[in-house]
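The block underneath contains the structure these notes are about, expressed in structure tokens.
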Amino acid sequence: QVQLVESGGGLVQAGGSLRLSCAAPGRTFGIYSMGWFRQAPGKGREFVAAICRYGGSVYYADSVKGRFTIDRDNAKNTLYLQMSSLEPEDTAVYYCAAKRGVGLTTPSYDYWGQGTQVTVSS
């Protein structure tokens, strides 16, 4: 079992920045690939970004490419999502997730956090 706890969400004006964190206590963080997803009201869960176990490969949704950066610190058991040039369309609950194996851009992850709200005002 992997527990994931997101933090760093909040209210920000369009054009601003936020940094989300996802803490995963325990010694197994490094064996999982990690992803960020988001879900806006009335919409399905959407892939945002993913990173392989050792950070060698990263993936982004086209809608966030060039604005968001995913990173991880395996020594601190923590995943990050740096979000810049935020737009009102980025408003959603953001979830981190962990999985072993391939298919990082689909929601087929093994473990999920509880989510953190990001609201971007225009």
Side-chain angles (χ1 to χ4, degrees):
Q1 188 75 14
V2 177
Q3 286 189 314
L4 303 172
V5 181
E6 301 97 335
S7 61
L11 174 64
V12 63
Q13 289 188 329
S17 299
L18 279 176
R19 188 192 195 199
L20 305 184
S21 298
C22 173
R27 298 183 177 181
T28 60
F29 179 75
I31 70 173
Y32 291 95
S33 295
M34 302 294 296
W36 287 100
F37 288 77
R38 66 187 182 186
Q39 188 164 15
K43 295 187 177 181
R45 195 160 294 190
E46 174 189 27
F47 168 73
V48 175
I51 187 168
C52 293
R53 291 190 302 165
Y54 301 114
S57 297
V58 295
Y59 307 89
Y60 296 99
D62 289 342
S63 59
V64 307
K65 203 171 293 183
R67 301 188 298 121
F68 290 11
T69 302
I70 188 171
D71 197 7
R72 66 189 296 164
D73 186 336
N74 286 351
K76 295 182 178 180
N77 295 337
T78 304
L79 174 73
Y80 303 100
L81 184 68
Q82 177 67 48
M83 306 186 293
S84 303
S85 302
L86 283 162
E87 304 167 352
E89 293 73 23
D90 295 317
T91 295
V93 177
Y94 283 71
Y95 300 88
C96 68
K99 76 175 296 180
R100 302 188 70 176
V102 298
L104 299 187
T105 63
T106 65
S108 58
Y109 278 65
D110 302 313
Y111 303 102
W112 293 84
Q114 83 289 348
T116 185
Q117 176 71 46
V118 171
T119 303
V120 184
S121 64
S122 57

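Linking Ile, Leu, Val, Met, Phe, Trp and Tyr residues whenever their side-chain heavy atoms come within less than 4.5 Å places Phe68 and Val118 in a single cluster. Val93 and Leu20 sit in two unconnected hydrophobic clusters of ILVMFWY residues. Membership requires side-chain heavy atoms under 4.5 Å apart, directly or through other members. Ile70 and Leu104 fall into different hydrophobic clusters, defined by Ile, Leu, Val, Met, Phe, Trp and Tyr side-chain heavy atoms under 4.5 Å apart, directly or through other members. Leu81 and Phe37 fall into different hydrophobic clusters, where Ile, Leu, Val, Met, Phe, Trp and Tyr residues are linked whenever their side-chain heavy atoms come under 4.5 Å apart, directly or through other members. Residues Met83 and Val58 fall within the same hydrophobic cluster, defined by Ile, Leu, Val, Met, Phe, Trp and Tyr side chains chained together at heavy-atom separations under 4.5 Å.
Within the 3.5 Å criterion, the main-chain N or O of Val2 finds no donor-acceptor partner in the side chain of Tyr32. Of the possible polar contacts, one joining the Glu6 side chain to the Gln114 backbone as a donor-acceptor pair under 3.5 Å is found. In this structure a side-chain-to-backbone donor-acceptor pair under 3.5 Å is present from Trp36 to Tyr80. Formation of a donor-acceptor pair under 3.5 Å by the Gln117 side chain with backbone atoms of Gly9 is not found in this model. Checked by atom type and distance alone, the side chain of Asp71 never pairs as donor or acceptor with a backbone atom of Leu79 at under 3.5 Å. Proximity of a side-chain donor or acceptor of Lys99 to a complementary backbone N or O of Tyr111 within less than 3.5 Å is not detected. In this structure, Thr91 contributes its side chain and Val120 its backbone to a donor-acceptor pair below 3.5 Å. For Asn74 (side chain) and Phe29 (main-chain N/O), no donor-acceptor pair under 3.5 Å exists by modelled atom type.
The nearest pair of heavy atoms linking Tyr59 to Cys52 is CE1-SG, 4.0 Å. The two atoms that bring Ser17 and Ser85 nearest to each other are OG-N, 4.4 Å, heavy atoms only. Closest heavy-atom contact between Gly103 and Ser108: O-OG, 4.0 Å.
Between Trp112 and Tyr95, the two ring planes are perpendicular [angle over 60°; tilted spans 30° to 60°].
Under the salt bridge (Lys or Arg N to Asp or Glu O under 4.0 Å) criterion, the residue pairs touching residues 34-61 are Arg38-Glu46, Arg38-Asp90, with sequence neighbours excluded.
Within the cation-pi definition used here (under 6.0 Å to the ring centroid, within 45° of the axis), Lys65 does not qualify as a partner of Tyr60.
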